[in-house]
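Each remark here refers to the structure printed beneath this line.
Here the structure is a predicted model, which means the values were calculated and not measured. Heads up: numbering here begins at 1 and tracks the sequence.
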Amino acid sequence: PRTYGPGNFKGLCWGRKAWVNCGGADYAAHSAIHELGHSFGLEHSGKIFIGTRSGNLITLPPLSQPTGGRFEAFYDTWTAMGYQATQAHFNALEKARLGWIVPTVYDGTDRTYTLKPMEQQGTGIRAVKVPGAMYKADSKRVYWLENRYKSGLGNSGVQLRICGDFNCVPQAWFGGVALAPGETITDGSVTINVLDGGSVRVRPFVAAPPP
């Protein structure tokens, strides 16, 4: 390792070997975890800004629209697979890919799930996976819901990640913030209500009746 200089990589990974190129910096510990993730086969996780907001209602593009939004590669700050020096747990999709957790797959009915914080040990639902193909057969979009709590990182709570659409490869943290109780997300096919205590209600979208 050597001190990181402008224009150089902070770390590289190839197969079973990694090079941590930021010795003597606070970034070194993060870089070691980050490169270890690459050796496990994990990719970078970014941040996506998409959809519109009206009060507590967030409307995402319909499943028929798989492109758009503004994607920031690397900037999922709640996983070590982001670019910033965050010594955080891998996110739900990453842990599922590694076989460390088994997500609960949404079944298309009206369900309420209480998500156990990713950082805590023990049993409980760690993640809910909502496949868009449930509503549109050729949709590649998948929503991942998880609950994060880590003192010092701020913005704790339920988080939504998206993969499959909007150039989210392999996944992106939606909006770059945690969702607050009382907020609702819909894409015209499925509706996600954020409740208190890390709970979420997932149900098919129902249009509001005309006044």
Requested in this report: Take Gln159 and Leu179 through the side chain to side chain contact (heavy atoms under 4.5 Å, CB included) test and state the conclusion after the steps.
Outcome: CA-CA 6 Å; Gln159 296 179 356; Leu179 300 166; over 6 Å; no
Query - Derivation and outcome, side chain to side chain contact (heavy atoms under 4.5 Å, CB included), residues His89 and Thr79 - result: CA-CA 5 Å; His89 281 241; Thr79 170; over 6 Å; no
Report task. Evaluate the side-chain hydrogen bond (donor to acceptor under 3.5 Å, both in side chains) criterion for residues Ser199 and Thr114: first the C-alpha distance (whole Å), next the side-chain angles of each, then the deciding distance (0.1 Å), finally the verdict. Result -> CA-CA 4 Å; Ser199 294; Thr114 297; 2.7 Å; yes
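At a threshold of 4.5 Å between non-hydrogen side-chain atoms, the residues Ile48 and Phe166 count as touching. By the 4.5 Å heavy-atom criterion applied to side chains, Val128 and Trp144 are not counted as neighbours. Counting heavy atoms from C-beta outward, Ile162 and Val142 have side chains that stay 4.5 Å or more apart. In this structure, Pro204 and Val190 have side chains that are not in contact, with every pair of non-hydrogen atoms separated by 4.5 Å or more. Tyr143 is not listed as a side-chain neighbour of Lys129, based on a closest heavy-atom distance of 4.5 Å or more. Counting heavy atoms from C-beta outward, Glu72 and Phe49 have side chains that approach closer than 4.5 Å. Within the 4.5 Å cutoff, the side chain of Val202 has no heavy atoms near those of the Thr191 side chain. Put simply, the side chain of Arg97 does not reach to within 4.5 Å of the side chain of Lys95, judged on heavy atoms.
Between Met81 atom CE and Asp76 atom CG the span is 10.5 Å, to the nearest 0.5 Å. Distance check, rounded to the nearest 0.5 Å: CH2 of Trp173 to CD of Glu146 gives 10.0 Å. Atom CG of Leu93 and atom CD of Glu43 lie 10.0 Å apart (nearest 0.5 Å). Distance CG/Leu160 to CG/Leu145: 5.5 Å, rounded to 0.5 Å. One distance of note links NE2 of His44 with CD of Gln171; it measures 11.0 Å at 0.5 Å rounding. Summarising the geometry, atom OG1 belonging to Thr186 is positioned 8.0 Å from atom CG belonging to Leu60; distances are rounded to the nearest 0.5 Å.
Residue Leu195 is not grouped with residue Val158 when hydrophobic side chains (ILVMFWY) are merged at heavy-atom distances under 4.5 angstrom, including chains of intermediate members. One hydrophobic cluster, built from ILVMFWY side chains closer than 4.5 Å, holds both Phe174 and Phe71. Using a 4.5 Å cut-off between side-chain heavy atoms of Ile, Leu, Val, Met, Phe, Trp and Tyr, with links allowed through other members, Phe90 and Ile125 fall into different hydrophobic clusters. By the criterion of side-chain heavy atoms lying less than 4.5 angstrom apart, applied directly or through intervening Ile, Leu, Val, Met, Phe, Trp or Tyr residues, Leu36 is grouped together with Leu98 in one hydrophobic cluster. Under the 4.5 Å side-chain heavy-atom criterion for grouping Ile, Leu, Val, Met, Phe, Trp and Tyr, Leu63 is connected to Ile185 within one hydrophobic cluster.
Taking each heavy atom of Ser45 and Glu94 in turn, the nearest pair found is CB-OE2, 3.8 Å. Residues Leu115 and Asn147 approach most closely at O-ND2, 3.0 Å, considering heavy atoms. For the pair Ala92 and Ala127, the tightest heavy-atom approach, listed with the atom from each and the gap, is CB-CB, 3.5 Å. The shortest non-hydrogen separation linking Pro61 to Asp187 is O-CB, 3.5 Å. The two atoms that bring Cys163 and Pro170 nearest to each other are CB-O, 2.7 Å, heavy atoms only.
Note on Asp165 versus Arg141: salt bridge recorded, some NZ/NE/NH1/NH2 to OD/OE distance being below 4.0 Å.
Applying the side chain to side chain donor-acceptor pair (under 3.5 Å) test to Tyr106 and every residue at least two apart in sequence or in another chain returns Tyr135.
Side chain of Arg126 to main chain of Pro117: a donor-acceptor pair is present (N/O by atom type, distance under 3.5 Å, no hydrogens or angles). Using a distance-only test at 3.5 Å, with no hydrogens or angles considered, a donor-acceptor pair links the side chain of Arg148 to the main chain of Trp78.
For the residue pair Arg111 / Thr109, a side-chain donor-acceptor distance below 3.5 Å is found, with atom types taken as modelled.
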